[in-house]
Asks: 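Here's a structure for you.
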Amino acid sequence: MCGLYSLRQSSEAVRALFGYEDEARFPPRPYVAPAGPIGIVRKDRGVRRFALVLWNFVPGWAKEVRPGRPLINARSETVMEKPTFRNALTRRRCLVPADGYYEWKGDAPGRKQPFHILKADGGLIAFAGLWEHWQGPDGSELETAAILTTVAGPDVRDVHERMPVIIAREHFEAWLDVDGVEARKVMSLLAPAPAATLVAEPTVIERPKRPSPEPEQQSLF
């Protein structure tokens, strides 16, 4: 799963890689936590745009936004089958800029070792994401997102059995082009990162954003 990530690089570096038109300015964030705002990149009328949405996926057909553990991840193996995510996979794919994510290793509650998992070259990462638009009975509106996960690749499987899906730069357009590329044609992109892509560094979580150092997700899939 992916329950805490980092985005410490400059907004200029993010824009240069992801190629969106907006001049979005945002401070470095060593911890990006569930239920708060996250940046996503999506296409709108053929143009890549940057947007801030809530990291707590709410299906468009939901009658209400329920309090509790946020729905932050979607399993890539079942995403096409689940009503919660199926429509978003077809019509609302996005990328989530990051420069690393956190995972924990060990069996002792409260004493697990956190790792910061980064690209081997120190660069930015693009997580595969899905976003959704929800409108309440009172007319209120909310945009939300989830990050897709898959089985862990060889670089990180000793730390955790799953990892967020990482989309390579050469596949950004196919993932974002929901009008031109069908969902079934991008399913091959939902694969573990190949060897020598990532490094896992032991770390200390200095400012956790949730009561528990290991954020959990709502299990709806």
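Values reported hereafter were calculated over all heavy atoms of this structure, with side chains retained and with hydrogens, waters and symmetry mates removed.
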Asks: Does the side chain of Leu198 reach to within under 4.5 Å of the side chain of Val156, using non-hydrogen atoms?
Replies: yes
Asks: Does any part of the side chain of Ile125, heavy atoms only, come nearer than 4.5 Å to the side chain of Asp99, both counted from C-beta?
Replies: no
Asks: So that I can tick it off, tell me whether Asp22 and Arg49 are bridged by a salt bridge, with the cut-off set at under 4.0 angstrom between side-chain N and carboxylate O.
Replies: yes
Asks: For Glu132, which of Arg91, Arg42, Arg92 qualifies under salt bridge (Lys or Arg N to Asp or Glu O under 4.0 Å)?
Replies: Arg92
Asks: Passes side-chain contact (heavy atoms from CB on, under 4.5 Å), Asp155 versus Thr197? Steps please.
Replies: CA-CA 7 Å; Asp155 298 332; Thr197 300; 4.0 Å; yes
Asks: Kindly indicate whether the side chain of Glu103, heavy atoms from C-beta on, has any atom under 4.5 Å from the side chain of Met163.
Replies: no
Asks: Would Glu173 and Arg48 satisfy side-chain contact (heavy atoms from CB on, under 4.5 Å), going step by step from the backbone distance to the final call?
Replies: CA-CA 9 Å; Glu173 187 61 21; Arg48 292 187 193 179; 3.0 Å; yes
Asks: Hydrophobic cluster membership, with links at side-chain heavy-atom distances under 4.5 Å among I/L/V/M/F/W/Y: are Val32 and Leu54 in one?
Replies: no
Asks: Please report the shortest heavy-atom distance between Cys2 and Asn73, naming the atom on each side.
Replies: N-OD1, 2.9 Å
Asks: Check step by step if side-chain contact (heavy atoms from CB on, under 4.5 Å) holds for Leu95 and Ile40.
Replies: CA-CA 6 Å; Leu95 297 170; Ile40 66 168; over 6 Å; no
Asks: Are Phe50 and Phe26 close enough, and set up right, to give a ring-ring contact (aromatic ring centres under 6.0 Å, His included), and what steps lead you there?
Replies: CA-CA 11 Å; Phe50 179 91; Phe26 42 86; 5.3 Å; yes
Asks: Which residue is it: Leu4, Ile205, Val159, Val204? I am looking for the one with a side-chain contact (heavy atoms from CB on, under 4.5 Å) to Pro114.
Replies: Ile205
Asks: Are the side chains of Tyr102 and Thr203 in touch, meaning some heavy atoms are under 4.5 Å apart?
Replies: yes
Asks: Looking at side-chain heavy atoms only, is the closest gap between Leu148 and Leu130 below 4.5 Å?
Replies: yes
Asks: Applying the 4.5 Å side-chain criterion to the ILVMFWY set and letting contacts propagate, would Trp175 and Met187 be lumped into a single cluster?
Replies: yes
Asks: In terms of heavy-atom contacts, does CD of Glu23 have more than 12 from other residues, nucleotides or ligands at under 6.0 Å?
Replies: no
Asks: Taking C-beta and beyond as the side chain, do Glu77 and Val151 meet within less than 4.5 Å on heavy atoms?
Replies: yes
Asks: Are Val79 and Val181 grouped together when hydrophobic residues (ILVMFWY) are joined by side-chain heavy atoms under 4.5 angstrom apart?
Replies: yes
Asks: May I ask you to decide if Ala13's main-chain N or O and Ser10's side chain share a donor-acceptor pair within less than 3.5 Å?
Replies: yes
Asks: With no hydrogens and no angle check, just 3.5 Å: does a side-chain donor-acceptor pair link Arg162 and Thr149?
Replies: yes
Asks: Restricting to non-hydrogen atoms, name the atom on Trp61 and the atom on Pro83 that form the minimum distance, rounded to 0.1 Å.
Replies: NE1-O, 3.4 Å
Asks: Identify the two heavy atoms, one from Asn56 and one from Pro70, that lie closest to each other, and give their separation to 0.1 Å.
Replies: OD1-CA, 3.3 Å
Asks: Given side chains that start at C-beta, do those of Phe115 and Trp104 come closer than 4.5 Å, heavy atoms only?
Replies: no
Asks: So if you build clusters from Ile, Leu, Val, Met, Phe, Trp, Tyr with side-chain heavy-atom gaps below 4.5 Å, do Leu118 and Val96 land together?
Replies: no
Asks: For the CG atom on Asp107, are there more than 12 heavy atoms of other groups (residues, nucleotides or ligands in this structure) within a distance under 6.0 Å?
Replies: no
Asks: Check step by step if side-chain contact (heavy atoms from CB on, under 4.5 Å) holds for Leu17 and Phe172.
Replies: CA-CA 10 Å; Leu17 176 64; Phe172 282 6; 4.1 Å; yes
Asks: Would you please classify the geometry between the Phe127 ring and the Tyr101 ring as parallel, tilted or perpendicular, with 30° and 60° separating the classes?
Replies: perpendicular
Asks: Side chain of Asp177, backbone of Gly180: donor and acceptor closer than 3.5 Å?
Replies: yes
Asks: Hey, would you say the Tyr5 and Tyr31 ring centroids sit under 6.0 Å apart?
Replies: no
Asks: Using a 4.5 Å cut-off on heavy atoms from C-beta on, say whether the side chain of Trp131 contacts that of Thr144.
Replies: no
Asks: Do the side chains of Glu21 and Arg15 get close enough for a salt bridge, i.e. N-O under 4.0 angstrom?
Replies: no
Asks: Return the minimal non-hydrogen interatomic distance between Ile147 and Trp55, and the atom names on each side.
Replies: CD1-CZ2, 3.7 Å
Asks: Report yes or no: do Leu7 and Leu52 belong to one cluster of Ile/Leu/Val/Met/Phe/Trp/Tyr joined by side chain heavy-atom distances under 4.5 Å?
Replies: yes
